[in-house]
Amino acid sequence: MTTALIYLVVMVLVAAVVFLLAAVVFGRGEELAPLPPGSSPTRLPVRDITGEDVQGVKFQLVLRGYKMSEVDWVVRRLGTEIDSLRARVAELEKESSR
């Protein structure tokens, strides 16, 4: 009976040491705070979006693919950039035809 009790105490001590060692090595399991609603880790420059910027876009993965709000935001930004570039081209073409 005492042998079984000694084995149990030794096993608990070994488990506690392994747990403490793992906690020190790997941390306590903290997670990053969630992003506020409406924010996204997806980044694009404020102006002058380049092809490299578009190729470097990374979207947050969710259960069934990419996060739709992030993809919608990028598409809106790219659409706005294209519209402003086309307006600038039209303005320059108008000035050069005078």
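Here the structure is a predicted model, which is why all the values come from computation and not from measurement.
To the nearest 0.5 Å, the span separating CG on Leu8 from OG1 on Thr3 amounts to 12.5 Å.
Residues that satisfy the side chain to side chain contact (heavy atoms under 4.5 Å, CB included) test with Thr50, not counting sequence neighbours, are Glu52, Asp53. Scored by the salt bridge (Lys or Arg N to Asp or Glu O under 4.0 Å) test, Glu91 finds Arg88 as partners (sequence neighbours excluded).
In the hydrophobic clustering, where aliphatic and aromatic side chains (Ile, Leu, Val, Met, Phe, Trp, Tyr) are joined below 4.5 Å either directly or transitively, Val9 groups with Leu13. Within the hydrophobic cluster formed by Ile, Leu, Val, Met, Phe, Trp and Tyr side chains joined at under 4.5 Å, directly or through other members, Leu5 stands alone, with no partner residue. Cluster partners of Val14 are Ile6, Val10, Val18, counting Ile, Leu, Val, Met, Phe, Trp and Tyr whose side-chain heavy atoms approach within less than 4.5 Å, directly or via other members.
Cluster membership for Leu21 and Phe19, using ILVMFWY side-chain heavy atoms within less than 4.5 angstrom, is not shared. Under the 4.5 Å side-chain heavy-atom criterion for ILVMFWY residues, no single connected hydrophobic cluster contains both Leu85 and Val54.
Identified under the salt bridge (Lys or Arg N to Asp or Glu O under 4.0 Å) test for residues 73-84, with sequence neighbours left out: none.
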